[in-house]
Amino acid sequence: DGGITQSPKYLFRKEGQNVTLSCEQNLNHDAMYWYRQDPGQGLRLIYYSQIVNDFQKGDIAEGYSVSREKKESFPLTVTSAQKNPTAFYLCATGQGTDTQYFGPGTRLTVL
Amino acid sequence: KQEVTQIPAALSVPEGENLVLNCSFTDSAIYNLQWFRQDPGKGLTSLLLIQSSQREQTSGRLNASLDKSSGRSTLYIAASQPGDSATYLCAVETSGSRLTFGEGTQLTVNP
């Protein structure tokens, strides 16, 4: 947690809807990351951004989109193209060679 | 493609026991290896970070070793306590500040 907030904590989506998960940080870190975690599994990288107005796809970017208009914010949109979006989503920040710092997560459930 | 494996997937021990968690990775071209702790439904907390040039790191009752040439790391927990119960995740950093995670070891320390 610390200086990283994610909202909402729980999110429910109907099939066919787009939803946006918020991630805000006050650590002044350049890099921000989005991960997905499925039950009993490790984290998989969705998107990451190393600087404002720039971002790269991770290992599982299909069905997701991001923006990085401000250093403090890195919202993730889960689109209707993501066929199995139910998961725990974690945002992280990093600076240089330091470790990554994680937010508390958002649990997304498709109804 | 980098792959990270953690053994065992789950471990249950009595309080006070010393224990070892194992992590292996397929590509030795890493910048560092990190161990994280995750409590149920929460984000990750960094425990130890070992740079690729280092052999081990220690923090309190935790000691992590790294053998880059063989693609292995161990996390040693001394005198385990019920409060140590959590999932422990190993991750390696490769190019672009990207982390690749293992699936974790779920540890239960019984009073």
Side-chain angles (χ1 to χ4, degrees), chain A residues 1-11 21 23-25 27 29-51 54-61 87-109, chain B residues 1-11 21-27 30-54 57 59 62 64 73 86-107:
Chain A
D1 295 59
I4 304 170
T5 57
Q6 290 188 242
S7 62
K9 185 173 182 178
Y10 298 98
L11 184 58
L21 284 60
C23 178
E24 303 279 334
Q25 57 116 347
L27 300 173
H29 285 171
D30 287 319
M32 297 187 74
Y33 307 82
W34 274 107
Y35 295 91
R36 168 182 173 141
Q37 186 177 33
D38 292 284
Q41 297 191 26
L43 280 65
R44 291 183 290 168
L45 183 64
I46 304 172
Y47 268 99
Y48 64 108
S49 167
Q50 294 181 302
I51 197 169
D54 188 43
F55 50 82
Q56 290 79 40
K57 293 181 179 180
D59 298 320
I60 55 166
F88 189 49
Y89 290 86
L90 288 160
C91 175
T93 70
Q95 185 69 36
T97 58
D98 197 6
T99 187
Q100 291 185 15
Y101 297 86
F102 284 79
T106 292
R107 188 166 300 281
L108 172 63
T109 302
Chain B
K1 180 185 175 183
Q2 179 74 266
E3 292 182 3
V4 180
T5 303
Q6 291 187 244
I7 296 173
L11 182 62
L21 307 182
N22 296 290
C23 173
S24 62
F25 48 96
T26 55
D27 185 351
I30 64 170
Y31 290 101
N32 60 56
L33 183 142
Q34 304 182 37
W35 284 93
F36 293 89
R37 169 183 172 141
Q38 185 178 30
D39 293 291
K42 306 290 187 182
L44 277 63
T45 300
S46 178
L47 297 174
L48 291 165
L49 184 155
I50 312 176
Q51 299 291 350
S52 62
S53 59
Q54 297 175 319
Q57 282 286 337
S59 176
L62 305 180
S73 175
T87 296
Y88 291 80
L89 293 155
C90 167
V92 295
E93 181 176 340
T94 53
S95 61
S97 300
R98 297 177 57 147
L99 290 179
T100 301
F101 284 83
E103 295 187 348
T105 293
Q106 185 174 358
L107 173 65

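Just so it is clear: chains get the letters A, B, ... in the order the sequence lines come, proteins before strands, and each one is counted from 1. Since the model is a prediction, treat every value here as computed from it, not as a measurement.
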Candidate list A:Tyr35, A:Tyr33, A:Trp34, test ring-ring contact (aromatic ring centres under 6.0 Å, His included), partner A:Phe102, passing option: A:Tyr35
Proximity breakdown for B:Tyr31 and chain A, heavy-atom pairs closer than 4.5 Å: neither
Interface residue of largest heavy-atom contact number with chain A, from B:Ser97, B:Ala9, B:Gly102, under 4.5 Å: B:Ser97
Under 4.5 Å from a heavy atom of chain A, the part of B:Gln6 involved: neither
Pair A:Gln95-A:Asp30, side-chain donor/acceptor within less than 3.5 Å: yes
Partner chain A: residue of B:Ala91, B:Ser46, B:Gly104 with the largest heavy-atom pair count (under 4.5 Å): B:Ser46
Heavy-atom contact with chain B under 4.5 Å, split by part of A:Leu43: both
SB check B:Arg98 A:Asp59 (cutoff 4.0 Å): yes
Contact leader toward chain A among B:Thr87, B:Leu99, B:Leu89, where contacts are heavy-atom pairs under 4.5 Å: B:Leu99
Qualifying salt bridge (charged side-chain N to carboxylate O under 4.0 Å, His left out) pairs with a residue from residues 38-49 of chain A, counting only residues at least two apart or across chains: A:Arg36-A:Asp38, A:Asp38-A:Arg44
Side-chain (B:Gln38) to main-chain (B:Ala86) donor-acceptor, under 3.5 angstrom: no
Partner residues of A:Ser49 under the side-chain hydrogen bond (donor to acceptor under 3.5 Å, both in side chains) criterion, sequence neighbours left out: A:Arg68
Chain A contact via B:Gln106 - which portion, at a heavy-atom distance below 4.5 Å: neither
Which portion of A:Gln37 sits near chain B, non-hydrogen atoms under 4.5 angstrom: side chain
